[in-house]
S.K.: 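Got a structure here, written out as structure tokens. Questions coming.
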Amino acid sequence: MSELEEEYRLDYFEEEGFVRKECTDCGDFFWTRDTGRETCGEPPCENYQFIDDPGFPDEYTLEEMREAFLSFFEENDHERIEPYPVAANRWRDDVLLTQASIYDFQPLVTSGQTPPPANPLTISQPCIRMQDIDNVGKTGRHTMAFEMMAHHAFNAREEVGDEYAYSGEVYWKDETVEYCDRFFESMGADLEDITYIEDPWVGGGNAGPAIEVIYKGAELATLVFMSMEADPDGDYEMKDGNRYSKMDTYIVDTGYGLERWTWVSQGTPTVYEAVYPEMIAFLKDNAGIEHSEEEEKLVHRASKLAGHMDIDEAEDMEAARDNIARELDVSKSRLEDLLEPLEDIYAIADHCRTLAYMLGDGIVPSNVATGYLARMVLRRTKRLCDNVGVDAPLDELVDMQAERLEYENRDTIRDIVRTEVEKYRETLEQGGRRVERLAKEYAEKGQPIPTDELVELYDSHGIQPDMVEEIAADFGTEVDVPDDFYSVVASRHDGGQAFEEEEDEDDRLADLPKTERQYYEDQYGTDFEAVVLDVFEREGEGDDGETMYDVVLDQTMFYPEGGGQPADRGTLTTDDTSVKVSDVQIEDGVILHRTDDELGKGDIVRGKIDRERRRRLMRHHTATHLVVHAAREVLGEHVRQAGAQKGIDSSRIDVRHYERIDRETKEKIEMVANELVMENTTVQQEWPNRHEAEEEYGFDLYQGGIPAGQNIRLIHVSEDVQACGGTHVRRTGDVGTIKILNTERVQDGVERLTFAAGDAAIEATQRTETALAEAADILDVAPEEVPETAQRFFDEWKDRGKQIEDLKEQLAEARASGGGSGEEVEVGDSTAVIQRLDADMDELRATANALADEGKIAVIGSGADGATFVVAVPDGVGVNAGEVVGELARKVGGGGGGPPDFAQGGGPDAEKLDEALAEAPEVLQQVQNA
RNA sequence: GGGCCCAUAGCUCAGUGGUAGAGUGCCUCCUUUGCAAGGAGGAUGCCCUGGGUUCAAAUCCCAGUGGGUCCA
């Protein structure tokens with residue numbers, strides 16, 4: 001850290017008369033105007049000083065505080081930026097949720113590939129930190145959802161010129177600290193009370209000096225000066241033990257906690273009371289929580305103490321509670337009875353805000369990714385509500401927050417919450433029954449429910465161990481919950497990790513110029529001329545191991561595989577030869593044409609792409625945009641594309657939605673999509689600046705992934721606008737027609753729509769029509785009558801099955817009582833009937849049973865399908881049917897068995913059946929004697 | 001993206017290779033009758049679909065479909 005010491009010697013500190021001191025408690029270095037100060041000011045070195053004694057002259061609500069911050073920086077030449085979604089995985093694939101304002105600009109802006117939307121800028125970014133979930137409500141200061149107010153400046157060293165998307169210095173450390181000071185000043189804070197602690201920052205491969213800003217015991221801001229990157233040969237060793245070196249870009253990354261600032265301005269005992277006063281009042285009232293004046297005072301004092309204590313760890317919670325109780329001179333249980341309901345209520349308010357952010361930004365609960373996080377939060381919130389006795393519907397509670405956050409899709413949010421609560425209820429109900437059965441079972445055995453059953457219940461059925469304990473208690477059953485339960489569950493999930501294939505990078509490839517993409521200039525073009533720049537030999541890459549070639553041209557009409565659109569095919573022709581193009585890929589802007597034969601470097605070639613294939617792909621691509629657009633219109637604004645694949649005969653898109661799409665809904669989507677086709681509007685492409693595009697259309701542009709670069713290609717189809725690199729038809733009418741073939745649920749919360757466009761749609765319709773016509777033909781009715789007729793046939797078929805069953809029974813009885821056909825022999829005191837009857841197993845069984853009912857041993861053999869035997873023995877006769885069958889079956893090369901009074905068996909050698917039956921009397925004798 | 005679990009009577013579920021079951025609901029009758037209840041009898045079923053193994057599959061194996069759940 002000492003290596004960074006110089007980094008903190010700011011001119012600003014000097015001019016303002018700051019002194020650098022070492023905290024007498026924790027040893028951290030800090031800067032202050034107060035020369036007499038000894039500690040850094042941050043808990044646990046010091047306590048909160050703002051509770052019941054607000055830090056600013058005026059109280060602020062959340063909204064007022066946000067506005068105060070943003071307008072302060074606006075007045076100081078920062079541009080105000082609209083917040084990004086909380087679902088960060090919409091623009092980056094390394095994280096799920098937005099956890100800080102800087103996430104908005106990673107990785108493209110921070111690495112200098114893409115310019116920032118404004119420079120410098122200010123923003124208040126909603127964030128969600130799931131890792132704090134257990135502390136929410138309990139510590140008085142943790143929230144899962146919060147807004148990070150920030151100002152950012154993106155700088156690049158002068159000497160690197162215009163290599164990056166921004167250049168030069170906007171401002172750096174001195175100005176950043178000065179802004180912080182002046183903002184405090186504008187709020188009416190006492191500047192003597194502020195300390196700036198030196199606290200270098202490391203994260204995500206970057207690092208830099210950073211400063212924590214403490215005021216009245218609360219950390220109100222962090223000023224990060226991101227300027228280093230991981231580098232084994234770097235000059236600086238940071239606190240993570242790795243070495244870092246300076247980057248060409250350096251970025252001001254600040255974070256001011258909106259909730260903290262609001263809290264400090266109000267001086268309430270907990271942050272929740274400052275942030276959600278109305279909601280907490282509502283919840284208290286709804287849960288029927290009333291406190292006497294004395295209790296009220298106790299709670300107030302307890303909250304104050306809790307706020308002072310450092311209880312980040314769950315284990316410390318118990319101890320902290322003990323200390324608080326002692327200090328207040330009440331019993332721990334009394335304190336818990338008072339505080340626990342309040343803690344639940346604080347958590348509910350916070351979780352509802354989290355849910356409002358998540359669902360409002362279009363996350364659909366599911367078993368994957370952010371959807372799963374949303375489901376976890378929702379279920380946890382529901383449990384908290386049940387626990388504390390809040391009976392207001394959850395969708396209403398979430399809506400209260402959604403309304404405050406000014407989301408427009410509130411109806412959808414409520415719908416999603418209702419659906420999800422209902423799903424949870426069903427899961428609990430089913431799980432409850434399952435646990436009851438288990439509890440009963442183990443209660444009878446007098447054993448506790450073992451751990452592996454618990455793991456199974458949790459892992460496969462989503463039932464928490466505490467719920468098992470609760471239900472088991474009703475049956476007096478113990479439950480064996482190990483302390484490391486969740487790690488036992490985790491160990492079940494250990495498995496082989498897929499390893500990534502590494503491809504050899506060709507240096508020659510890197511030196512080639514980017515191929516000119518003619519397919520954008522003329523999407524209908526199929527013929528072109530080009531010069532061969534290079535040819536790569538690919539040995540053994542062909543389907544049958546033959547050598548293939550990757551041809552690089554200066555320009556091409558061939559569309560390389562991308563954005564779910566397969567590559568074009570066609571031919572490249574010179575005066576001497578013609579080669580087939582079977583695949584086209586793009587690598588770093590260089591387009592590779594996979595061919596079956598060699599071309600010479602410098603050759604001039606005529607390219608020709610498979611026109612019909614391309615047309616079909618274009619129709620399907622435009623149709624994809626139409627179907628997504630139609631799905632949004634029918635299902636709701638939350639609908640997002642979750643993957644797509646275009647094809648020749650059909651295409652599919654996966655769409656996020658919280659319910660199954662039934663046939664009626666499917667037809668509605670199909671209708672809307674086809675209406676757009678019939679409108680026959682033009683399909684337009686443009687290449688606007690990415691930030692202008694984002695500003696105008698929002699993040700919903702990026703349905704199929706986020707492209708890099710300053711300018712992005714937009715495709716306008718009707719009202720729909722998407723960032724897209726694919727080829728499209730000129731007018732929607734050129735799609736012809738769209739037929740949705742199928743909908744399936746590919747994951748929870750993700751529906752797959754398979755559809756065909758143009759001639760492929762007609763073909764698909766014809767296929768189903770043919771199937772129907774053939775079915776109608778077989779039934780000999782008109783196609784419209786197929787369902788009714790099929791129903792009638794099915795019913796009749798069932799009826800007849802029952803009749804046949806009946807008749808066989810009667811036949812068997814008649815045979816048994818009529819006797820005659822079978823050979824009767826005496827076995828001990830009883831009579832055995834040995835009979836050959838070439839019929840199926842059911843019939844043999846019925847006959848044998850009927851004989852046994854008359855008190856006779858039945859040995860029936862059939863040669864209908866191989867050789868089969870049934871042996872039935874009446875009650876009280878000492879012959880083991882299983883053994884008899886076993887013996888007989890062996891003679892026909894098979895086996896058999898069953899209970900002593902009824903057995904069946906057989907074997908493949910039907911011609912030995914009579915022989916076996918002839919020996920049956922002997923077998924019976926033997927078995928009886930044995 | 002990966003793992004695990006489930007699919008049998010209208011409903012809730014048993015059945016672990018050998019004659020498909022229980023509880024509940026349904027129908028009929030009896031007792032009683034204000035309602036509820038009780039007794040006797042009866043009907044329930046492509047054991048999700050398709051393949052495989054086997055003399056024999058609801059049962060074992062594979063694939064599919066539908067649902068549930070946990071993890072990243």
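Letters go in sequence order (proteins before strands), and every chain restarts at 1.
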S.K.: Does the pair A:Lys666/A:Asp662 count as a salt bridge with the N-to-O cut at 4.0 Å?
M.R.: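 Here A:Lys666 does not pair with A:Asp662 in a salt bridge, since their nearest N and O are not under 4.0 Å apart.
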S.K.: To the nearest 0.5 Å, tell me how far A:Ile416 CD1 sits from A:Met358 CE.
M.R.: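 Output value for this atom pair is 12.0 Å.
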S.K.: For residues A:Val95 and A:Ala88, report the shortest heavy-atom separation together with the two atoms involved.
M.R.: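 What the structure gives for the nearest pair is CG2-CB, 3.9 Å.
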S.K.: Between A:Lys891 and A:Asp909, is there a side-chain N and carboxylate O pair less than 4.0 Å apart?
M.R.: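 No, no charged N to carboxylate O under 4.0 Å.
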S.K.: Compare every heavy atom of A:Arg434 with every heavy atom of A:Leu457, then report the nearest pair and how far apart it is.
M.R.: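 Minimum heavy-atom contact is CD2-CD, 3.8 Å.
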S.K.: When rounded to the nearest Å, what value does the distance between P atoms of B:U16 and B:A22 take?
M.R.: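 Going atom to atom, P in each nucleotide, I get 16 Å.
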S.K.: Donor-acceptor pair, A:Ser366 side chain versus A:Asp748 backbone, under 3.5 Å?
M.R.: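 Judged by distance alone, yes, a pair lies under 3.5 Å.
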S.K.: Among A:Leu811, A:Val833, A:Val870, A:Leu837, find the one that has a side chain to side chain contact (heavy atoms under 4.5 Å, CB included) with A:Thr847.
M.R.: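 Of the listed options, the one satisfying the test is A:Leu837.
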S.K.: What protein N or O atoms touch nucleotides 57-62 of chain B N or O atoms at under 3.5 angstrom, if any, and at what distances?
M.R.:
none

S.K.: A:Glu453 CD to B:C5 C1': how many Å, rounded?
M.R.: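 It works out to 12 Å between those atoms.
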S.K.: Does the A:Gln447 side chain pair with the main chain of A:Tyr442, one donor and one acceptor, at a distance under 3.5 Å?
M.R.: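 Such a contact is absent between A:Gln447 side chain and A:Tyr442 backbone.
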S.K.: What is the distance from CG of A:Leu457 to P of B:G3, rounded to the nearest Å?
M.R.: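 Going from A:Leu457 (CG) to B:G3 (P), I get 22 Å.
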S.K.: Would you write out the dot-bracket form of RNA chain B, 5' to 3', with Watson-Crick and G-U pairs under 3.5 Å, [ ] for crossing pairs, | for pairs to other strands and . for unpaired bases?
M.R.: (((((((..((((....[..)))).((((((.....)))))).....(((((..]....)))))))))))).
S.K.: Given B:C6, is OP1 or OP2 found less than 4.0 Å from the side-chain N or O atoms of A:Arg434?
M.R.: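 So the side-chain polar atoms of A:Arg434 never come under 4.0 Å of the phosphate oxygens OP1 or OP2 of B:C6.
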S.K.: Within the structure, does a side-chain N or O atom of A:Arg433 lie under 4.0 Å from either OP1 or OP2 of B:C13?
M.R.: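 Checking A:Arg433 against B:C13: at least one side-chain N or O falls below 4.0 Å of OP1 or OP2.
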S.K.: For the residue pair A:His638 and A:His657, does the interplanar ring angle fall in the parallel (under 30°), tilted (30 to 60°) or perpendicular (over 60°) class?
M.R.: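 Because their plane-to-plane angle is under 30°, the rings of A:His638 and A:His657 count as parallel.
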S.K.: Looking at every heavy atom in both A:Lys646 and A:Ser651, which two are closest together, and how far apart are they?
M.R.: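 Distance-wise, the nearest heavy atoms are CA-OG, 3.3 Å.
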S.K.: Is A:Arg375 close enough to B:G68 that one of its side-chain N or O atoms is under 4.0 Å from OP1 or OP2 there?
M.R.: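 So the side-chain polar atoms of A:Arg375 never come under 4.0 Å of the phosphate oxygens OP1 or OP2 of B:G68.
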S.K.: Can you tell me if A:Gln430 touches the phosphate of B:G68, counting only side-chain N or O atoms and a distance under 4.0 Å to OP1 or OP2?
M.R.: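 So the side chain of A:Gln430 is outside the cut-off, no N or O lying under 4.0 Å from OP1 or OP2 of B:G68.
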S.K.: Grab the two heavy atoms, one from A:Ala881 and one from A:Val873, that are nearest each other, plus how far apart they are.
M.R.: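 Heavy-atom minimum between the residues: CB-CG2, 3.8 Å.
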S.K.: Should the side chain of A:Asp459 and the base of B:G3 be counted as holding a donor-acceptor pair, with the cut-off at 3.5 Å?
M.R.: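 In this structure, the two groups form a donor-acceptor pair.
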S.K.: How would you label the contact of A:Glu744 with the nucleic acid (heavy atoms, under 4.0 Å): base, sugar-phosphate, or nothing?
M.R.: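 Since only primed, P, OP1 and OP2 atoms lie under 4.0 Å of A:Glu744, the category is sugar-phosphate.
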S.K.: Other residues, nucleotides and ligands only: do more than 12 of their heavy atoms fall within 6.0 Å of CD on A:Glu788?
M.R.: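 Atom CD in A:Glu788 is not packed in, count stays at 12 or less.
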S.K.: Rounding to a whole Å, what distance do you find between A:Asn367:CG and B:G1:C1'?
M.R.: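 The answer, rounded to whole Å, is 10 Å.
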S.K.: How close or far is atom P of B:G66 from atom CG of A:Asp748, stated in whole angstroms?
M.R.: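 A:Asp748 atom CG is separated from B:G66 atom P by 13 Å.
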S.K.: What's the gap between B:G51 and B:G42 when it is taken at their P atoms, as a whole Å value?
M.R.: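 Here B:G51 and B:G42 have their P atoms 37 Å from each other.
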S.K.: For A:Leu913 and B:C55, what is the distance between atoms CG and P respectively, to the nearest whole Å?
M.R.: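 It works out to 16 Å between those atoms.
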S.K.: Using the salt bridge (charged side-chain N to carboxylate O under 4.0 Å, His left out) rule, collect all pairs that involve residues 798-807 of chain A, keeping only residues at least two apart or in two chains.
M.R.: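 Every salt bridge (charged side-chain N to carboxylate O under 4.0 Å, His left out) pair that includes a residue of residues 798-807 of chain A, provided the two are not neighbours, is A:Glu796-A:Arg800.
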S.K.: Which value, in whole Å, describes the distance between the P atoms of nucleotides B:G17 and B:C6?
M.R.: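 Those two atoms are separated by 15 Å.
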S.K.: Return yes if a side-chain donor-acceptor contact under 3.5 Å exists between A:Asp415 and A:Thr412, otherwise no.
M.R.: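 A:Thr412 and A:Asp415 do not have a side-chain donor-acceptor pair below 3.5 Å.
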S.K.: State whether A:Ser460 places a side-chain N or O below 4.0 Å from either non-bridging phosphate oxygen (OP1 or OP2) of B:C6.
M.R.: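 Checking B:C6 against A:Ser460, no side-chain N or O comes under 4.0 Å of OP1 or OP2.
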S.K.: For A:Asn742 and B:G64, what is the distance between atoms CG and P respectively, to the nearest whole Å?
M.R.: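 In whole Å, B:G64 P and A:Asn742 CG are 15 Å from each other.
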S.K.: Can you give one letter per nucleotide of nucleotides 15-23 of chain B, 5' to 3': B if a protein heavy atom sits under 4.0 Å from the base, S if only from the sugar-phosphate, - if neither?
M.R.: ---BBS---
S.K.: Is it true that a side-chain atom of A:Asp459 and a backbone atom of A:Val455 form a donor plus acceptor pair closer than 3.5 Å?
M.R.: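 No; zero donor-acceptor contacts below 3.5 Å.
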S.K.: Return the polar atom pairs (N/O with N/O) between nucleotides 43-51 of chain B and the protein under 3.5 Å, or none.
M.R.:
from: B:G45; atom 1: OP2; to: A:Lys802; atom 2: NZ; distance (Å): 3.3

S.K.: Measuring only the P atom in each nucleotide, how far is B:U8 from B:G45? A whole number of Å is fine.
M.R.: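 That atom pair is separated by 15 Å.
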S.K.: Expressed in whole Å, how much space separates the P atoms belonging to B:U69 and B:A36?
M.R.: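 So the two P atoms sit 39 Å from each other.
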S.K.: What's the shortest heavy-atom distance between A:Leu384 and A:Ala347, and which atoms?
M.R.: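 Heavy atoms of A:Leu384 and A:Ala347 come nearest at CD1-CB, 3.7 Å.
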S.K.: Between protein and nucleic acid, restricted to nucleotides 7-11 of chain B and to nitrogen or oxygen atoms under 3.5 Å apart, what atom pairs and distances do you find?
M.R.:
none

S.K.: Under a plain distance cut-off of 3.5 Å, with no hydrogens placed, do A:Tyr424 and A:Arg383 share a side-chain donor-acceptor pair?
M.R.: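 Yes, because at least one side-chain N or O of A:Arg383 sits under 3.5 Å from a partner of the opposite role on A:Tyr424.
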S.K.: Could you measure between the two P atoms, the one in B:U59 and the one in B:G18, and give it in whole Å?
M.R.: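 Going atom to atom, P in each nucleotide, I get 11 Å.
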S.K.: What is the distance from CG of A:Leu438 to P of B:C13, rounded to the nearest Å?
M.R.: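 Going from A:Leu438 (CG) to B:C13 (P), I get 13 Å.
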S.K.: So, A:Arg792 and A:Asp795, do they make that salt bridge, N to O below 4.0 Å?
M.R.: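 No, A:Arg792 and A:Asp795 are not salt-bridged.
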S.K.: Please figure out whether A:Arg379 or A:Pro908 has its closest RNA chain B nucleotide nearer the 5' end.
M.R.: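 Its nearest nucleotide being more 5', the pick is A:Pro908.
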S.K.: Taking B:U44 as the reference, what is the distance to B:G39 when you measure between their P atoms (whole Å, please)?
M.R.: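 About 23 Å, rounded to a whole number of Å.
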S.K.: Please report the distance, rounded to the nearest Å, between CZ in A:Arg745 and C1' in B:G67.
M.R.: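 So the CZ-C1' distance, A:Arg745 to B:G67, works out to 7 Å.
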S.K.: When you compare B:G66 with B:U24, how far apart are their C1' atoms, in angstrom units rounded to a whole number?
M.R.: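 So the two C1' atoms sit 26 Å from each other.
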S.K.: Of A:Glu456 and A:Gln747, whose nearest nucleotide on RNA chain B comes first from the 5' end?
M.R.: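 That would be A:Gln747.
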